[in-house]
Amino acid sequence: MSVALVTGSAGLIGSEAVRHFARLGLDVVGIDNDMRSYFFGADGSTAWSLLRLTSELADAYTHYDVDIRDREALSQVFKKYGADIAVVIHTAGQPSHDWAAKEPFTDFDVNAVGTLNVLECTRQFAPEAPFIHCSTNKVYGDRPNTLPLVELETRYEIEPGHPFEQGITEDMSIDHSLHSIFGVSKVAADIMVQEYGRYFGMRTATFRGGTLTGPAHSAAELHGFLAYLMRCVMEGRTYNLYGYKGKMVRDAIHSHDVLTAFEAFFRAPRSAEVYNLGGGRFSNTSHIEAFALARDISGREAKINYVEQARLGDHQWYISSMAKFQAHYPTWTMTYDVPAILREIYEANADKWVPTRS
Ligand SMILES: NC(=O)c1ccc[n+]([C@@H]2O[C@H](COP(=O)([O-])OP(=O)(O)OC[C@H]3O[C@@H](n4cnc5c(N)ncnc54)[C@H](O)[C@@H]3O)[C@@H](O)[C@H]2O)c1
């Protein structure tokens with residue numbers, strides 16, 4: 001038996017991981033306690049996604065409603081599958097900077113201590129398994145905001161000829177910057193994942209995600225920018241747009257492309273690796289540009305409430321360099337750009353996200 005163990009298995013990346021590794025022929029064991037509904041309310045619940053997984057995959061998927069903060073319950077799951085575990089994909093987390101400030105203990109316990117719990121279980125019960133961790137570009141704090149930018153009509157851009165013109169590389173400092181409470185709990189996890197690679201020789205990788213997105217996002221205001229933007233346009237909800245004249249730039253990568261990257265690492269794992277993971281130059285957008293695309297796709301005009309004050313520590317321009325990952329895994333390619341991502345989000349949710357009567 002070959003098992004893929006996925007934490008956060010009903011979430012955006014987790015549910016894609018479950019399907020992806022099930023298609024590869026592995027048995028998939030998922031851990032998720034729908035804590036996203038605690039973070040973001042009913043909009044954020046991933047219960048619908050779990051129902052789909054269990055009905056579509058039947059015996060190929062086994063679910064455990066376990067909290068990754070619960071060491072005893074977590075280790076029982078790992079113990080049960082032991083050396084059959086061929087890969088661990090750790091996606092469970094508290095994903096929003098704004099939310100983290102409401103409950104710093106909860107954020108740190110889930111993101112930092114929870115990651116340590118999953119790492120330690122892997123070391124004890126399946127030390128040979130590649131360990132794939134979902135980190136974030138927020139580990140760089142607000143340092144990207146010190147880059148020299150130029151203001152264009154619909155977006156900010158980095159100065160032409162700058163070394164990061166093709167994207168920010170992994171050697172940007174994670175030190176001496178404002179991270180948000182969330183950014184710090186993710187830094188702790190990111191470094192611990194590296195350390196389990198360096199210190200214990202495990203095959204670990206931490207992937208510093210840009211905007212990871214796709215139709216399976218349980219879109220909520222505080223997390224899931226492209227899906228939430230499309231949801232607002234489709235439902236006729238007002239979107240609160242914070243600062244930078246809506247010209248801030250994000251690179252977006254579809255969950256499918258995230259999973260093909262994870263599969264590449266699974267097939268040829270390395271130790272203590274760090275990779276940036278985003279849409280890069282191939283797939284990026286400003287908020288204003290995304291609204292225009294959403295209008296073209298849906299035929300509906302967005303309702304925008306512009307708030308002058310930017311979110312604390314929010315990136316003004318962030319595009320990931322994928323050069324290091326592509327050098328290590330040259331056959332991996334990205335298949336979705338922002339228009340394709342938005343179109344798919346629209347089509348997948350056409351029945352669910354309908355205009356609300358006011
Ligand atoms: N989506 C993005 O734009 C993005 C960007 C960078 C990094 N990341 C990181 O990638 C990971 C996955 O992101 P996502 O968008 O799939 O998030 P998500 O919220 O859709 O999925 C996470 C899942 O983990 C579950 N979970 C949360 N706390 C848990 C706990 N204590 N025990 C068990 N399950 C728990 C949630 O219920 C949810 O289903 C997160 O760690 C996030 O920080 C995401």
Side-chain angles (χ1 to χ4, degrees), residues 5-18 30-41 43-53 63-71 73-74 77 89-97 99-100 103 105-118 121 132-140 180-190 193 206-220 222-229 250-255 258-259 261-262 275-279 315 318 320 341 345:
L5 191 145
V6 180
T7 70
S9 53
L12 168 73
I13 301 303
S15 63
E16 188 88 38
V18 170
I31 292 174
D32 199 309
N33 64 349
D34 196 14
M35 197 158 176
R36 190 173 167 93
S37 64
Y38 174 74
F39 301 140
F40 308 128
D43 274 357
S45 171
T46 51
W48 65 274
S49 168
L50 174 60
L51 271 177
R52 269 195 201 170
L53 286 180
H63 188 76
Y64 291 88
D65 185 349
V66 162
D67 189 325
I68 60 164
R69 294 172 298 177
D70 181 345
R71 288 192 190 131
L74 190 66
V77 178
I89 301 141
H90 176 44
T91 82
Q94 189 300 106
S96 154
H97 11 184
W99 193 90
E103 290 188 32
F105 285 127
T106 310
D107 175 72
F108 201 85
D109 285 343
V110 172
N111 286 347
V113 185
T115 298
L116 175 59
N117 294 343
V118 181
C121 279
I132 295 168
H133 172 64
C134 290
S135 184
T136 168
N137 62 21
K138 300 297 183 304
V139 299
Y140 300 117
S180 82
I181 301 303
F182 161 76
V184 174
S185 65
K186 295 296 277 190
V187 164
D190 182 296
V193 171
T206 183
F207 285 87
R208 295 177 172 167
T211 293
L212 316 180
T213 189
H217 228 169
S218 305
L222 291 186
H223 190 243
F225 144 63
L226 276 182
Y228 183 69
L229 181 149
R250 307 272 178 269
D251 64 337
I253 181 168
H254 190 286
S255 47
V258 171
L259 259 296
F262 289 179
Y275 298 111
N276 287 346
L277 179 70
H315 290 155
Y318 193 95
S320 317
I341 291 168
I345 291 174

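Computation of the quantities below employed the complete heavy-atom set of this structure, encompassing side-chain atoms and omitting hydrogens, waters and symmetry-equivalent molecules. In each ligand, atom 1 is the first atom listed, and ligand 1 is the first ligand listed.
By the 30° and 60° cut-offs, the orientation of the rings of Tyr318 relative to Tyr140 is parallel. Ring orientation note: the planes of His90 and His133 are close to parallel, at an angle under 30° on the 30°/60° scale.
The CG atom of Asp67 lies 10.5 Å from the CD1 atom of Ile31; values are rounded to the nearest 0.5 Å.
Annotation: salt bridge (charged side-chain N to carboxylate O under 4.0 Å, His left out) contacts of Asp43 (sequence neighbours excluded): Arg231, Arg237.
By the 6.0 Å contact criterion, CZ on Arg69 is enclosed, its count of non-hydrogen atoms from other residues, nucleotides or ligands being greater than 12.
Between the side chains of Asp34 and Ser45, at least one donor N or O sits under 3.5 Å from an acceptor N or O.
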Filter the ligand 1-protein atom pairs down to N or O on both sides and distance under 3.5 Å, then list them.
from	atom 1	to	atom 2	distance (Å)
ligand 1	1 (N)	Leu212	O	3.1
ligand 1	1 (N)	His223	NE2	3.4
ligand 1	3 (O)	Leu212	N	3.0
ligand 1	3 (O)	Leu212	O	3.3
ligand 1	15 (O)	His217	NE2	3.2
ligand 1	16 (O)	Leu12	N	3.3
ligand 1	16 (O)	Ile13	N	2.9
ligand 1	19 (O)	Arg36	NH1	2.7
ligand 1	20 (O)	Leu12	N	3.0
ligand 1	31 (N)	Asp67	OD1	2.9
ligand 1	32 (N)	Asn33	OD1	3.4
ligand 1	32 (N)	Ile68	N	3.0
ligand 1	34 (N)	Asn33	OD1	3.2
ligand 1	37 (O)	Asp32	OD1	2.8
ligand 1	37 (O)	Met35	N	3.0
ligand 1	37 (O)	Arg36	N	3.1
ligand 1	39 (O)	Gly11	N	3.3
ligand 1	39 (O)	Asp32	OD1	3.3
ligand 1	39 (O)	Asp32	OD2	2.6
ligand 1	39 (O)	Thr46	OG1	3.1
ligand 1	41 (O)	Thr91	O	3.4
ligand 1	41 (O)	Lys186	NZ	2.8
ligand 1	43 (O)	Lys186	NZ	3.0

